[in-house]
Amino acid sequence: MDYLNELNEVQRQAVTHIDGPVMVIAGPGSGKTRVLTYRIAYLIDSGIPPWQILSLTFTNKAAKEMKERIEGVVGRKAQYIWAGTFHSIFARILRVEAEKIGYSSNFTIYDTDDTKSLIASIIKEMELDRNAYNVGAVRTRISSAKSNVISPIVYAKSPELMEQDRQNRMPMLHKIYEKYVARCHRAGAMDFDDLLYQLFKLLYLNKDNVRQKYQQQFQYILVDEFQDTNYLQYSILKLLTDYEGSSRNICVVGDDAQSIYAFRGATLQNIFDYQEDYPELSVYKLEQNYRSTQFIVKAANKIITHNKKQITKDLWTEHDGGQKIQVIKAMSDTEEGRRVADTIVEYKNRHNLPSHEIAILYRTNAQSRVFEEYLRRYNIPYRIFGGLSFYQRKEVKDMIAYLRLAINPNDDEAFRRVINYPKRGIGQSSFDAIANLANTQEISYWEAMQRIELGARTATALKDFARIVLEANRMTASHNAYEVTAHLSKTSGIMGHLKAENSIEGLARLENVNALLDGVQEFVENDEVIEGQDVQDKSLAAYLQQISLLTDMDEDTKQTEYVSLMSVHAAKGLEFRAVFVVGLEENLFPSFMSLSSPEQIEEERRLFYVAVTRAKEMLTLSFANSRYQFGQMRFNDPSRFLDELDEEVLDAGTTGRGQQQGFPEPKVLGGLLPKPPKPAFTPKIDPASFKAADPNEIQAGMKVLHLKFGEGEVQRVDGERDKRVATIVFPQVDNPERRIMLKFAKLQIL
DNA sequence: GGGGGCTATGGGGGG
DNA sequence: CATAGCCCCC
């Protein structure tokens with residue numbers, strides 16, 4: 001347990017206090033991840049079986065990082081820990097227990113677009129006023145009801161909620177909610193909130209004592225970013241830990257000052273309730289900041305004093321001095337883009353700063369465009385996180401809709417999406433007839449389609465469609481995800497349709513579908529053990545489960561040489577040597593949506609606090625006097641947050657009026673940049689001469705050749721038969737030690 | 001049933 | 001400014 005020496009006194013106490021409820025209040029950069037990791041390592045070293053440990057985070061990336069770090073400390077036992085996001089862990093449990101709450105285990109996960117389109121169709125069917133019933137607003141309302149454990153029945157009985165809806169001119173909202181739930185159920189679908197809500201139901205209803213099963217399973221529970229949990233999540237945690245005879249081993253880690261998700265139901269009330277519900281708890285406060293230099297820490301402390309609602313906490317650092325905070329005052333959004341890019345060039349040249357240590361953080365994703373333009377012009381590689389992800393592109397969603405139908409033909413939203421795509425002669429009126437029958441009989445579109453009687457031509461078209469889906473559905477029993485997807489890409493007509501388009505856009509769409517196919521193939525062929533995933537399962541259902549909870553935030557920001565562009569929300573938990581917080585203007589940051597309420601302004605301020613504390617060494621704040629917003633030129637005042645900073649932390653040279661000029665535009669950048677990005681390693685292997693050995697022959701000590709990782713030496717082999725896993729060191733790749741699932745391995749013995 | 005063009009509307013952060 | 005929904009015509 002040498003790692004205990006790497007901790008300061010408070011951190012060590014938080015790590016070794018493993019019995020009973022604990023709360024860790026962790027300021028930014030105070031070693032929170034380290035505490036969580038070492039705490040789990042310490043639990044395992046104390047003899048707690050790894051499968052009794054449940055560690056919940058908000059992003060897959062945080063979960064993955066934690067597992068990797070734990071594995072570094074305790075070794076491969078780490079893979080048996082239940083570590084993941086609330087949504088992914090709960091989905092995993094729900095797949096097993098679905099029948100106990102009236103679902104089939106192949107349920108679909110509806111994303112926000114599916115939810116919105118379903119709500120839109122319900123509003124239409126109910127013939128409600130489209131102007132009063134805004135789809136987005138209705139969705140938010142339903143989502144927040146679920147997040148507060150309010151069922152449609154309870155909703156309709158609540159005088160407050162009903163009154164609110166009347167005031168918002170949406171008196172029938174409870175009816176929409178009721179229909180929405182029924183429609184999700186008949187389609188065998190759960191939305192993101194359901195992954196929590198249905199798990200709560202499962203535990204609460206306690207059919208076959210399923211609650212006790214998980215209470216006993218999870219003896220030690222850890223929760224990261226506790227300030228971002230909602231009432232529903234807290235209720236689940238209570239069901240799991242607060243019961244007669246419980247050892248109440250729950251440790252929550254959070255920071256009230258970094259609570260930025262109130263808009264999706266997160267509430268600081270959980271922190272206060274936790275202290276009341278677990279009165280015997282111990283609280284540890286981590287206040288020493290190891291991330292940032294003096295001026296940044298000072299600025300952060302100052303920012304948060306402007307909020308009334310906060311748990312008093314004082315961040316301090318041993319890092320003296322450092323660079324003061326720069327301020328860029330630009331005349332326009334274009335100038336802001338240029339000067340930020342100029343400064344990046346300057347940093348790269350003067351401090352030899354690698355791109356992956358630089359981030360541009362903005363309030364809204366729409367701001368990324370100008371920065372993109374200038375970075376591209378200056379030949380600086382960049383990567384945009386967030387915004388429209390790969391899986392949200394139309395052609396990709398169309399293809400995925402077919403995959404979803406193959407697994408769950410009752411998936412109404414997937415059905416609606418592709419019943420007539422590519423065009424097969426099933427128009428609006430035919431679909432309306434199907435939808436009508438489905439609604440009167442309370443069956444899915446798919447079932448309604450089997451029963452409906454329409455004209456001969458339409459009937460044939462429907463039969464063709466049904467055949468495509470059924471064929472793929474039968475394939476799923478015996479074929480892997482790639483085989484079914486490749487098959488469907490042809491039989492659905494999507495590939496042919498895109499090829500026939502013969503335009504540049506069509507070609508790009510075709511490439512995206514091909515990229516999806518490549519992704520599925522990679523999923524199937526991947527022989528490496530990935531923590532938290534069932535590597536044995538190469539089925540289409542397993543693939544869909546994985547991608548439905550994936551966001552492009554989950555990609556590693558540090559692997560390649562890119563400047564990162566992302567929203568402040570997306571940057572939480574990350575750190576960079578140089579950070580640019582841009583668009584610091586009234587109406588933008590703070591957002592115009594939050595100006596009317598003091599609570600929301602405080603949340604914007606916490607968001608600013610999060611942004612500022614991402615920086616390790618260099619922090620630059622920028623704003624523009626004018627910018628294009630909503631399609632027209634707008635003039636915004638500098639953000640109030642700028643005025644709230646002390647002059648002493650700001651670089652006087654950058655705050656004066658005369659400093660409006662940018663750095664001279666660089667001419668040739670190539671030669672000035674530090675070494676070019678290291679290309680990803682690809683072994684030079686001729687696939688024709690490569691002969692994969694029988695996996696059963698692989699033994700420790702052998703020298704082997706792997707198609708992706710090149711030459712390596714087998715360290716050891718664990719497990720038996722289908723579950724044999726080889727640990728192999730490949731000296732030519734970044735993380736040389738890899739764990740390879742032999743069942744799927746393509747290894748040549750040298 | 002399919003396609004093109006016009007108008008109205010909304011515009012934030014995300015699993 | 002981007003997109004959804006609508007109308008109209010083939």
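In what follows, every chain begins at residue 1, and chains take the letters A, B, ... in the order their sequences are listed.
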**OP:** Sort out for me which residue in A:Thr229, A:Val223, A:Asp224 forms a side chain to side chain contact (heavy atoms under 4.5 Å, CB included) with A:Phe58.
**Re:** A:Thr229
**OP:** Report yes if a side-chain nitrogen or oxygen of A:Lys572 is closer than 4.0 Å to either non-bridging phosphate oxygen (OP1 or OP2) of B:dG14; otherwise report no.
**Re:** no
**OP:** Run the salt-bridge test on A:Arg634 and A:Glu585 with the 4.0 Å N-O cut-off and return the result as yes or no.
**Re:** no
Original post:
When only distance counts, do a donor and an acceptor, one from the side chain of A:Arg264 and one from the base of B:dG15, lie under 3.5 Å apart?
Top reply: no
**OP:** Provide, to the nearest angstrom, the distance between the CE atom belonging to A:Met593 and the P atom belonging to B:dG14.
**Re:** 14 Å
**OP:** Please state whether the phosphate of B:dG2, meaning OP1 or OP2, lies under 4.0 angstrom from any side-chain nitrogen or oxygen of A:Asn420.
**Re:** yes
Subject >> Aromatic plane relationship, A:Phe415 with A:Phe465 - under 30° parallel, 30 to 60° tilted, over 60° perpendicular >> reply: perpendicular
Original post:
Between A:Asn365 (CG) and B:dG12 (P), how many Å, whole number?
Top reply: 9 Å
Original post:
What is the distance, rounded to the nearest whole Å, between atom NZ of A:Lys124 and atom C1' of C:dC6?
Top reply: 10 Å
**OP:** Fit a plane to each ring of A:Phe200 and A:Tyr204, take the angle between them on a 0 to 90° scale, and name the class: parallel (under 30°), tilted (30 to 60°) or perpendicular (over 60°).
**Re:** parallel
Subject >> Residue matched to B:dC6 through Watson-Crick or wobble contacts both under 3.5 angstrom >> reply: C:dG5
Original post:
Rounded to the nearest Å, what distance is computed from the CZ atom of residue A:Phe589 to the C1' atom of nucleotide B:dG12?
Top reply: 12 Å
Subject >> Upstream residue (5' side of DNA chain B) when A:Thr112 and A:Gly427 are each assigned their closest nucleotide >> reply: A:Gly427
**OP:** Could you say whether A:Ser594 or A:Gly425 is positioned toward the 5' end of DNA chain B, judged by the nucleotide with the nearest heavy atom to each?
**Re:** A:Gly425
**OP:** Select one nucleotide: of C:dA2, B:dG12, B:dG15, the one nearest the side-chain heavy atoms of A:Phe192.
**Re:** B:dG15
Original post:
Across the strands shown, which category fits A:Gln629 at heavy-atom distances under 4.0 angstrom: base, sugar-phosphate, nothing?
Top reply: nothing
Subject >> Distance-only donor-acceptor test, A:Arg363 side-chain atoms vs B:dG11 base atoms, 3.5 Å >> reply: no
**OP:** Could you check how far NZ of A:Lys116 sits from P of B:dG15, rounded to whole Å?
**Re:** 15 Å
**OP:** Would you mind classifying the nucleic acid contact of A:Tyr261 as base, sugar-phosphate or nothing, using non-hydrogen atoms under 4.0 angstrom?
**Re:** sugar-phosphate
Original post:
Could you state the interatomic distance from CG (A:Leu196) to CG (A:Asn230), rounded to the nearest 0.5 Å?
Top reply: 6.5 Å
Original post:
With centres under 5.5 Å and planes under 30° as the test, does A:Phe263 stack with B:dG13?
Top reply: yes
Original post:
Would A:Arg95 count as a cation-pi partner of A:Phe107, with NZ or CZ less than 6.0 Å from the six-membered ring centre and within 45° of the ring normal?
Top reply: yes
Original post:
Can you tell me how far NZ of A:Lys61 sits from CZ of A:Phe385, rounded to the nearest 0.5 angstrom?
Top reply: 6.5 Å
Original post:
Would you say B:dG1 has OP1 or OP2 under 4.0 Å from some side-chain N or O of A:Ser430?
Top reply: yes
Original post:
Who does B:dG11 pair with, Watson-Crick or G-U, both distances under 3.5 Å?
Top reply: none
**OP:** Write down the distance between NZ (A:Lys61) and P (B:dG14), rounded to a whole number of angstrom.
**Re:** 13 Å
**OP:** Starting at atom CD of A:Gln600, determine the distance to atom C1' of B:dG13, rounded to an integer number of angstrom.
**Re:** 11 Å
Original post:
For the pair made of CD in A:Gln367 and C1' in C:dC1, what is the distance, rounded to whole Å?
Top reply: 16 Å
Subject >> Any N/O donor-acceptor pair, A:Asp193 side-chain to B:dG15 base, under 3.5 Å >> reply: yes
**OP:** Identify whether any heavy atom of A:Arg606 sits under 4.0 Å from a base atom; if not, whether one sits that close to sugar-phosphate; answer base, sugar-phosphate or nothing.
**Re:** nothing
**OP:** Give one of base, sugar-phosphate or nothing for A:Asp111, where a contact means two heavy atoms less than 4.0 Å apart.
**Re:** nothing
Original post:
Looking across every strand, which nucleic acid part, if any, lies under 4.0 Å from A:Arg457 by heavy atom: base, sugar-phosphate, or nothing?
Top reply: nothing
**OP:** Remember a base hit wins even if backbone is also touched, and classify A:Ser88 as base, sugar-phosphate or nothing at under 4.0 Å, heavy atoms.
**Re:** nothing
Original post:
B:dG12 base to A:Glu604 side chain: any donor-acceptor pair below 3.5 Å?
Top reply: yes
**OP:** Classify the nucleic acid contact of A:Ser429 as base, sugar-phosphate or nothing, counting any heavy atom under 4.0 Å across all strands shown.
**Re:** sugar-phosphate
